[in-house]
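For reference, positions follow the sequence shown, starting with 1. Note: hydrogens, waters and symmetry copies are ignored here, and every other heavy atom, side chains too, is used.
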Amino acid sequence: MRFSTTIVAAALAAFGVQPAQAKVIDQGDAGFTVAHTAQVAATPEDVWKMLKMPQKWWSKEHSWSGDAANFWLDSQAGGCFCEKLPDTGKGMGSVQHARILFAKPNEMLRLSGAFGPLQGEALTGTLTIQIKETPTGAAIRFDYVVGGYMRFKIPEIAPAVDGVIGEQLVGLAKALGGSLPPTRDEKAAAEAAGEKPAPAEKKPAPAAKEKEAPAKKESGLDDAVADLLEDPPKADAEAPDADELQDEDAPE
């Protein structure tokens, strides 16, 4: 697939997405942030293994060669999320989609790269993939932060990028057996609790209303997933402090 970088309309067509359930959680003159989450009935270890095989889950529609089999990923810091361009008579080519910045098995993978038509702009794009164990398997969150100079209008390109990032998470979840609804039993309990505030409003005692507030805040998610879904995620949840980095980065 060829990606145009001249006008926003061409970029939207290249991304191949339509506006739907945008999750652009922040945007300004300098850039934007999108976030998507999913739960799967797979262990964090299985999620990590699948992450290292983008050819099995990253959409071929968002490739340069049109074939997902040409993707590969080296999951060590400095490694490449790249794609082979088949020889068409002029020699073999290749594309770097992103470079690995941080790799903590079964917990987090962070990549730096401006995807698709963004590659032709003076941008920095950082994709942080978090994995957390849940009672039913694992919760996965994709955060993609884009900043710098671009020739696109942010209010128009941000939803397109959001759609692409969301599509890749859907592909990852599908490769792991499919997405699970957020804690089904708790969601049902939260929905039932959501019907209680109306009668409570008739009671003069404010204490009753205050007790019901936490039920709404939980949104039917267990603690691990609720923390994962915070917008924006806490910095200390994404990256260790300096002392931890020294220990984790030490060669084995």
List for me each residue that meets side chain to side chain donor-acceptor pair (under 3.5 Å) alongside Gln55, sequence neighbours excluded, and say none if there are none. none
Verdict with reasoning, Ser112 to Arg99, per side chain to side chain donor-acceptor pair (under 3.5 Å): CA-CA 5 Å; Ser112 176; Arg99 181 68 59 180; over 6 Å; no
Tightest non-hydrogen contact, residues Ala175 and Trp57, listed as CB-CB, 4.1 Å
Verdict with supporting geometry, Arg110 and Thr128, side-chain contact (heavy atoms from CB on, under 4.5 Å): CA-CA 4 Å; Arg110 177 172 288 138; Thr128 298; 2.8 Å; yes
Anything under 3.5 Å between a donor and an acceptor, one on a side chain of residues 78-93, the other on a protein residue two or more places apart or in another chain? List them.
residue, atom, partner, partner atom, Å
Glu83, OE1, Trp64, N, 3.2
Glu83, OE1, His97, NE2, 2.7
Glu83, OE2, Trp64, N, 3.0
Glu83, OE2, Ser65, N, 2.7
Glu83, OE2, Ser65, OG, 2.6
Asp87, OD1, Gly89, N, 2.7
Asp87, OD1, Lys90, N, 3.2
Asp87, OD1, Gly91, N, 2.8

Just do the side chain to side chain donor-acceptor pair (under 3.5 Å) check on Asp162 and His36 with the steps written out, would you? CA-CA 8 Å; Asp162 170 74; His36 286 268; 2.7 Å; yes
Following the transitive rule for hydrophobic clusters with a side-chain heavy-atom cut-off under 4.5 Å over Ile, Leu, Val, Met, Phe, Trp and Tyr, establish whether Ile157 and Leu123 coincide in one cluster. yes
Which pairs count as disulfide (SG to SG under 2.5 Å) when at least one residue sits in residues 128-157, sequence neighbours excluded? none
Tell me, which pairs form a disulfide (SG to SG under 2.5 Å) where one or both residues lie in residues 146-180, sequence neighbours left out? none
Do Thr37 and Arg141 have side-chain N/O donor and acceptor atoms under 3.5 Å apart? no
Rounded to the nearest 0.5 Å, how far apart are CD1 of Ile140 and OG1 of Thr134? 9.5 Å
Should Leu118 and Val161 count as side-chain neighbours, where that means a heavy-atom distance under 4.5 Å? yes
Give the C-alpha distance, both sets of side-chain angles, the deciding distance and a yes or no for side-chain contact (heavy atoms from CB on, under 4.5 Å) between Gln130 and Asp143. CA-CA 8 Å; Gln130 297 180 76; Asp143 283 89; 3.8 Å; yes
All pairs passing disulfide (SG to SG under 2.5 Å) where residues 110-146 contributes a residue, at least two apart: none
Can you tell me which residue pairs pass the ring-ring contact (aromatic ring centres under 6.0 Å, His included) test with a partner in residues 123-147, sequence neighbours excluded? Phe115-Tyr144
Where do Leu111 and Ala98 come nearest, in terms of heavy atoms and distance? CB-CB, 3.8 Å
Just how far is it from atom CD1 of Ile154 to atom CZ of Phe152, taken to the nearest 0.5 Å? 11.5 Å
Side chains of Gln39 and Thr136: closer than 4.5 Å at any heavy-atom pair? yes
Ser59: partners by side chain to side chain contact (heavy atoms under 4.5 Å, CB included), with sequence neighbours left out: Glu61, His62, Glu167, Gln168
Enumerate donor-acceptor pairs with a distance under 3.5 Å from any side-chain N or O in residues 44-54 to protein atoms, sequence neighbours excluded.
residue, atom, partner, partner atom, Å
Glu45, OE1, Thr43, OG1, 3.4
Asp46, OD2, Thr43, OG1, 3.3

Could you walk me through whether Val40 and Leu180 pass the side-chain contact (heavy atoms from CB on, under 4.5 Å) test, one step at a time? CA-CA 5 Å; Val40 295; Leu180 296 176; 5.6 Å; no
Here the pair of heavy atoms bringing Ala158 nearest to Val34 is O-CG1, 4.1 Å
Name all pairs fulfilling the disulfide (SG to SG under 2.5 Å) condition that reach into residues 108-170, sequence neighbours left out, sorted by first residue then second. none
